[in-house]
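What follows is a set of notes on a single structure, which appears directly below.
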Amino acid sequence: MEGVDHLAFERNKAQFDVDEMKIVWAGSREDFELSDRISRLVASDPVFRKDDRAALGRKELFKNTLRKAAHAWKRVIELRLSGEFSALEPEAYKLRAFVDQPAFTDLHWGMFVPAIQGQGTDEQQQKWLPLAYRMQIIGCYAQTELGHGSNVQGLETTATFDPKTDEFVIHSPTLTSSKWWPGGLGKVSTHAVVYARLIIDGQDYGVHGFIVQLRSLDDHLPLPGITIGDIGMKFGNAAYNTMDNGVLTFDHVRIPRNQMLMRVSQVTREGKYVHSNVPRQLVYGTMVYVRQKIVADASVALSRAVCIATRYSAVRRQFGSHNGGLETQVIDYKTQQSRLFPLLASAYAFRFVGEWLLWLYTDVTERLKAKDFSTLPEAHACTAGLKSLTTTATADGIEECRKLCGGHGYLCSSGLPELFAVYVPACTYEGDNIVLLLQVARHLVKTVSQLSTGNKPVGTTAYMARLEQLLQYHSDVKKAEDWLKPNVVLEAFEARAARMCVACAQNLSKFSNPEEGFQELAADLVEAAVAHCQLIVVSNVYALSLLHKHLGDFISTGCIDPKQGSLANEQLRNLYSQVRPNAVALVDAYNYTDHYLGSILGRYDGNVYPKLYEEAWKDPLNDSIVPDGFKEYIQPLLKQQLRNARL
Ligand SMILES: CC(C)(COP(=O)(O)OP(=O)(O)OC[C@H]1O[C@@H](n2cnc3c(N)ncnc32)[C@H](O)[C@@H]1OP(=O)(O)O)[C@@H](O)C(=O)NCCC(=O)NCCSC(=O)CCCC(=O)O
Ligand SMILES: Cc1cc2nc3c(=O)[nH]c(=O)nc-3n(C[C@H](O)[C@H](O)[C@H](O)COP(=O)(O)OP(=O)(O)OC[C@H]3O[C@@H](n4cnc5c(N)ncnc54)[C@H](O)[C@@H]3O)c2cc1C
């Protein structure tokens with residue numbers, strides 16, 4: 001019935017203050033109040049309706065997204081939600097909170113602006129950022145090409161310096177050099193940060209960033225020498241098809257020299273290349289920034305799926321009725337708990353590790369300003385590794401939440417198929433997850449190899465300083481509750497990661513050609529990198545479910561024995577029993593509106609069946625009792641069959 005909270009009995013079981021947890025989840029009372037205000041504004045604004053997306057064709061879908069993005073920007077300005085333009089974050093966050101589907105604004109605020117902020121000189125920032133902040137230009141991040149994405153050093157687009165005119169000539173020398181994938185490029189962006197090979201006097205200086213105008217600010221037509229369009233439909237129905245991922249080729253397009261991003265390297269008027277003594281990898285800085293954002297985004301996506309699956313698991317009853325009584329809530333089945341509660345814990349774990357990663361990123365950014373590059377490798381390894389770990393776990397977790405909801409999880413009205421289709425490319429964009437784990441593995445192997453030189457490992461590899469101890473380690477767990485001691489869990493994860501890293505380093509040393517060894521052992525190296533990244537994220541429930549899932553590693557590396565593994569599993573079951581009465585309250589703490597969740601299964605009031613039934617009749621297929629096509633195709637077939645039958 002309308003207005004009845006069918007989950008009240010679950011909410012009454014909570015053993016903690018949900019309102020307090022809402023502040024913890026949001027990060028602060030101010031953040032909670034801002035996000036609560038925006039989400040309620042959005043839910044009450046008909047422009048931001050989401051229930052029609054499944055029925056729209058590509059062009060309507062895209063036009064609808066432009067309308068939402070424009071309206072969102074107008075509302076941000078009207079409501080004076082945009083703080084000082086120097087504080088970029090709120091703008092990007094607020095617009096995404098309003099539009100809640102992939103849109104060109106994501107890449108304008110999420111990559112184009114940060115690229116100029118991170119790699120532009122002060123003068124370049126003063127010229128371009130005010131235009132971008134006021135959205136007088138719309139930008140994208142054009143790095144990936146048809147032929148290269150992971151291998152940035154393999155990019156083919158060229159930027160050749162012409163000393164006669166003090167310009168760069170941007171050119172696409174081959175089909176495979178066509179820029180391919182950049183979000184917002186296909187139909188909307190007026191400008192791009194283009195990554196191209198810098199060529200001076202025939203010498204190739206590698207990949208650098210350039211600001212290139214793509215379209216006229218008067219009639220939005222492509223400028224001379226620019227061929228540009230959308231790359232076509234992508235996975236899923238609505239999903240990422242609200243975004244114009246584009247294709248772009250250059251035919252000798254000229255830009256002024258001062259449009260090369262020159263914070264890291266410069267080209268003088270005379271055509272001299274100046275590379276200040278900073279790591280060339282600073283040109284990758286935008287990717288590091290986005291990867292740390294993606295970790296926080298993973299906790300949001302996973303928590304949305306977990307919220308839906310948890311509420312529905314509390315509503316759904318199946319089997320177990322005695323004497324005509326109520327059937328069993330599926331959330332009470334231990335199998336449902338063993339699949340759902342680790343994801344609930346992961347959403348919280350990723351939320352907190354995302355906060356830590358933001359601290360790490362902020363710290364390394366401050367150090368870079370002081371020309372202190374000491375923590376750059378750690379920042380790269382952590383952002384790459386945690387982006388990989390959290391996006392893989394989240395993509396798998398959203399699919400698991402769909403399965404946890406049975407058949408109804410497969411309906412668009414559950415919100416889960418769309419959430420999955422929008423989310424899964426996160427395992428690929430901003431760095432393919434395996435390629436990034438190999439970067440982590442390189443960092444770990446390098447750390448292990450430097451131990452013998454007395455190089456003290458720091459940051460997340462500091463545990464490697466206790467290698468001797470960790471190689472001798474064997475857990476002293478005697479009873480299940482021993483696994484509740486954080487240090488007991490941490491030591492097991494440290495020992496597992498250390499031993500897997502050392503085993504890889506030892507096997508690598510058997511190869512005369514290190515690169516050949518690295519390729520041969522790549523699969524083992526990826527597993528060692530995962531073990532290291534899980535160590536970074538480890539928290540209680542999250543940890544034990546991981547330990548259970550990767551028990552083979554822990555036993556094969558001698559960290560624990562089978563008995564201790566079964567004690568961990570016993571403790572896990574105990575923890576599930578403790579989570580159970582709090583499950584619905586823990587997902588209420590995310591404070592998601594029904595509009596934001598876009599899910600009948602995840603409704604706050606748990607009024608699922610009547611709403612599912614009501615929603616079904618809205619489908620266009622139900623506009624007519626007899627469907628289009630029946631008379632043309634099926635009726636003749638039936639009549640023919642009838643005639644055949646009478647013969
Ligand atoms: C895989 C690598 C890292 C390899 O780069 P490479 O120059 O060939 O380097 P290498 O020889 O492996 O290593 C040389 C060295 O460079 C270091 N390094 C590599 N990357 C970074 C970094 N980001 N920060 C700091 N340091 C970095 C490595 O650790 C190496 O260090 P070392 O020499 O071992 O001390 C690179 O090609 C890469 O990052 N590939 C992934 C490309 C990517 O992420 N593309 C994203 C495009 S934008 C996008 O997808 C937006 C989507 C957003 C949306 O739609 O929402
Ligand atoms: C939705 C979406 C949005 C995107 N937005 C943008 C954008 O705005 N701007 C932009 O520039 N790009 C964008 N991209 C492109 C994206 O960044 C690349 O697709 C991504 O970096 C992966 O590169 P790739 O496609 O070359 O994959 P590949 O590297 O070709 O991956 C194919 C397979 O090869 C494996 N592989 C590759 N190299 C190695 C290796 N050395 N060792 C072992 N295995 C390897 C990978 O693990 C993978 O299994 C977007 C992509 C998507 C899907």
Side-chain angles (χ1 to χ4, degrees), residues 92 96 102-112 114-115 118 139-155 157 176 179-186 189 192-195 206-207 209 231 234-236 239-248 264 278-294 297 361 364 368 373 375-385 387-388 391 421-447 449-450 514-515 518-520 522-523 525-526:
R96 191 59 194 251
F104 67 91
T105 39
D106 296 347
L107 281 306
H108 172 79
W109 289 104
M111 294 207 78
F112 177 73
C140 63
Y141 184 88
Q143 176 177 292
T144 302
E145 296 173 354
L146 193 57
H148 294 92
S150 292
N151 180 8
V152 178
Q153 288 311 313
L155 295 177
T157 301
T176 48
K179 290 300 176 185
W180 188 276
W181 272 113
L185 171 68
S189 292
V193 170
V194 175
Y195 285 83
V207 172
I231 61 172
K234 298 165 287 264
F235 184 96
Y240 241 89
N241 293 303
T242 57
M243 171 85 83
D244 53 331
N245 297 88
V247 50
L248 161 66
V264 177
V278 294
R280 74 167 170 84
Q281 286 80 14
L282 291 184
V283 77
Y284 293 158
T286 307
M287 293 186 279
V288 177
Y289 162 74
V290 178
R291 287 168 190 158
Q292 64 87 19
K293 290 278 303 139
I294 287 176
D297 295 347
Y361 177 78
V364 77
L368 293 180
F373 308 113
T375 57
L376 191 58
E378 162 90 344
H380 169 46
C382 287
T383 49
K387 180 269 179 188
S388 177
T391 54
V422 167
Y423 189 79
V424 288
C427 298
T428 305
Y429 62 55
E430 219 52 68
D432 164 84
N433 281 356
I434 294 300
V435 168
L436 294 183
L437 285 172
L438 289 167
Q439 286 290 304
V440 178
R442 283 183 190 281
H443 179 62
L444 294 173
V445 167
K446 192 172 180 180
T447 303
S449 65
Q450 289 174 345
E515 195 46 39
F518 196 89
Q519 293 306 329
E520 179 61 27
L525 285 158
V526 161

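In listed order, ligands and their atoms are each counted from 1. Note: hydrogens, waters and symmetry copies are ignored here, and every other heavy atom, side chains too, is used.
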Short N or O contacts of ligand 2 with protein, under 3.5 Å, listed by atom name?
unit_1	atom_1	unit_2	atom_2	d
ligand 2	8 (O)	Gly183	N	3.0
ligand 2	9 (N)	Tyr141	O	2.9
ligand 2	11 (O)	Tyr141	O	3.4
ligand 2	11 (O)	Gln143	N	3.2
ligand 2	11 (O)	Thr144	N	2.8
ligand 2	11 (O)	Thr144	OG1	3.1
ligand 2	12 (N)	Thr144	OG1	2.7
ligand 2	23 (O)	Ser150	N	3.2
ligand 2	23 (O)	Ser150	OG	3.3
ligand 2	26 (O)	Gly149	N	3.1
ligand 2	26 (O)	Ser150	N	3.1
ligand 2	29 (O)	Ser150	OG	2.5
ligand 2	47 (O)	Asp432	OD1	3.4
ligand 2	47 (O)	Asp432	OD2	2.6

Review point. So with a 6.0 Å cut-off around CD of Glu520, is the heavy-atom count from everything else above 12?
Key: no
Exercise for review: Provide the number and element of each atom of ligand 1 under 4.0 Å from a heavy atom of Gln153.
Suggested key: 7 (O), 8 (O)
Check your understanding: Does a salt bridge link Glu378 with Lys446, judged by any charged N lying under 4.0 Å from a carboxylate O?
Key -> no
Exercise for review: Would you indicate which of Lys446, Glu430, Lys293 comes nearest to atom 51 (C) of ligand 1 when only heavy atoms are counted?
Suggested key: Glu430
Review point. Quick check: does Thr144 get an N/O under 3.5 Å from an N/O on ligand 1?
Key: no
Review point. Nearest non-hydrogen atom to atom 19 (C) of ligand 1 belongs to which of Arg442, His443, His380?
Key: His380
Review point. Protein heavy-atom contact under 4.0 Å for atom 5 (O) of ligand 1?
Key: yes
Review point. Under 4.0 Å from atom 30 (C) of ligand 1, is there any protein heavy atom?
Key: no
Review point. So which protein heavy atom does atom 39 (O) of ligand 1 come closest to, and at what separation?
Key: Arg291 NH2, 3.2 Å
Point to revise | Shortest protein contact, atom 56 (O) of ligand 1 (heavy atom only) | key: Tyr240 OH, 3.5 Å
Check your understanding: Non-hydrogen atoms of Gly149 versus ligand 1: any pair closer than 4.0 Å?
Key -> yes
